2 protein chains.
Amino acid sequence: MDRRQEILEAAAKSFSLFGYKATTMDQVAKIANVGKGTIYTFFANKEELFHAIVLKMIEEMRAAADAAFVEGASFQQNAHARLMQMLKFRETHQLYAKLIDEEKALRTPAVSEVLQTIEKEAVSYIQEKIEKAIAKGELKPCDAELVAYLLFKSYLALVVDWGKNHGTELDEERIVALISDTIFKSLVI
Amino acid sequence: MDRRQEILEAAAKSFSLFGYKATTMDQVAKIANVGKGTIYTFFANKEELFHAIVLKMIEEMRAAADAAFVEGASFQQNAHARLMQMLKFRETHQLYAKLIDEEKALRTPAVSEVLQTIEKEAVSYIQEKIEKAIAKGELKPCDAELVAYLLFKSYLALVVDWGKNHGTELDEERIVALISDTIFKSLVI
DNA sequence: GAGTGACCAGAAATGATTTTTAGTCATACG
DNA sequence: CGTATGACTAAAAATCATTTCTGGTCACTC
């Protein structure tokens, strides 16, 4: 049993269960069955340990989004599936959900930072896909960074924000209809 | 001099200068040169007084947006001008700016509520314009509520949020180009 | 009868005191 | 040796008793 690995697993468990602030280094050490000092031979401080965990989560998110890909489906359909997958992650993935709660309730700065990082990562991911699609001739050339940003923010607004004000969730078909009518209209070749 | 009017002016001044929480009823009474009890003959409580002030501000915002209208310009151009005007209001209008600060720093519930109301009002305003344009045959029929929501959130993201992550403001031409390429593409007749 | 400000109860600020916790390092151990 | 450890520390955070503030009322005034 790799000590570093034990620590990572213990930290992942604790951060997922209690969030960033409520996770203490003593607790991680206890769960991992190591002395507290040992943690500091692998990670400079609590925040770096946290970052390592979050990085792993980002990998999982990319993997989940990639898994939504369907060979032969249109770029639009795949982009939709990927975006929905990433947004579902906010509720599905225990750590992600916990961090969102903590951000709302506590405003822990380390958490706010990390959540921004995750969003940036999601936008980069979309941007990548757009650029590849342009290279393959599936999409017209466009400002990929901007379009990725607009797409992500639009999905966030329609899938996540809408429900908060209007009480009732927006159903997926209406979203697809709207987005493919508008944003995608000019992109698809 | 109308006592009610004096109170409204005093309250507007104080809320704009100090925000909701830091404005005390004693202070409003002093500025308005009335006894504190007098305020309560016109307004049931602090929150209702606040609402009255905010309602006035919403009127001003609509008026500012209407003032951006140019006879003969395309719907798209006018919608852009109107949205930009409303978003500028966040920095321009002292009360609006103050409330945004207070929301970020204090999370005063009354302020969060009111800010949501203002956003809803802005979306309704856009929705109105879209519906009129559809009736006039300037736009294709569409789900006006959804499109208004998407438009507003997109502008908010591009004009307000973008700068926060990327450091540098997004310039207006790029925004126009993107939005007219995407969202408007399918709407305009 | 409209207007007022002293008054009150509950909320919030203050600050002294205690507890918790991230990070260190002298020591034990293999 | 060098790696792991947990007692230790300084600083941050929680707690709590006390004081101050503030929204709202109402007996009184003019």
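Each chain gets a letter, A, B and so on, in the order the sequences are listed, and its residues count up from 1. Remember, it's a predicted structure, so these values are computed and weren't measured experimentally. Reckoned from all heavy atoms, side chains included, excluding hydrogens, waters and symmetry mates.
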key: Pair Val111(B)-Ile100(B), side-chain contact (heavy atoms from CB on, under 4.5 Å): steps then yes or no   = CA-CA 8 Å; Val111(B) 171; Ile100(B) 289 170; over 6 Å; no
request  = Could you state the atom-to-atom distance from CG of Leu49(B) to P of dG24(D) in whole Å?
outcome  = 10 Å
request  = Tell me, please, which residues at least two apart from Glu128(A) pass salt bridge (charged side-chain N to carboxylate O under 4.0 Å, His left out).
outcome  = Arg62(A)
task = State which residues pass salt bridge (charged side-chain N to carboxylate O under 4.0 Å, His left out) with Arg82(A); sequence neighbours excluded, sorted by chain then number.
result = Asp66(A)
Nearest-0.5 Å distance that lies between atom CG in Leu17(A) and atom NZ in Lys98(A) = 7.0 Å
Pair listing, side-chain hydrogen bond (donor to acceptor under 3.5 Å, both in side chains) test, anchored in residues 146-160 of chain B, at least two apart = Asp161(A)-Lys153(B), His80(B)-Tyr155(B)
query = Hey, can you pull the residues of residues 14-34 of chain B with a non-hydrogen atom under 4.0 angstrom from DNA chain C?
reply = Lys21(B), Val34(B)
key: Whole-Å distance separating the CD atom of Glu48(A) from the P atom of dG23(C)   = 10 Å
inquiry  = Under a 3.5 Å threshold, yes or no: a donor from one side chain and an acceptor from the other, between Glu6(B) and Asn33(B)?
reply    = no
key: Point-to-point distance, once rounded to the nearest 0.5 Å, from CG of Asp143(B) to OG1 of Thr182(A)   = 11.0 Å
query = What is the distance from NZ of Lys36(A) to P of dA26(C), rounded to the nearest Å?
reply = 16 Å
Close residues, residues 37-46 of chain B, relative to DNA chain C [heavy-atom separation under 4.0 Å] = Gly37(B), Thr38(B)
message = According to ring-ring contact (aromatic ring centres under 6.0 Å, His included), does anything in residues 93-118 of chain A pair up with another residue at least two apart or in another chain? List the pairs.
response = Phe89(A)-His93(A)
Interatomic distance, Asp2(B) CG vs dA2(C) P [rounded to whole Å] = 14 Å
ask   = Under 4.0 Å: is that the gap between some side-chain N or O of Arg3(B) and OP1 or OP2 of dT4(C)?
value = yes
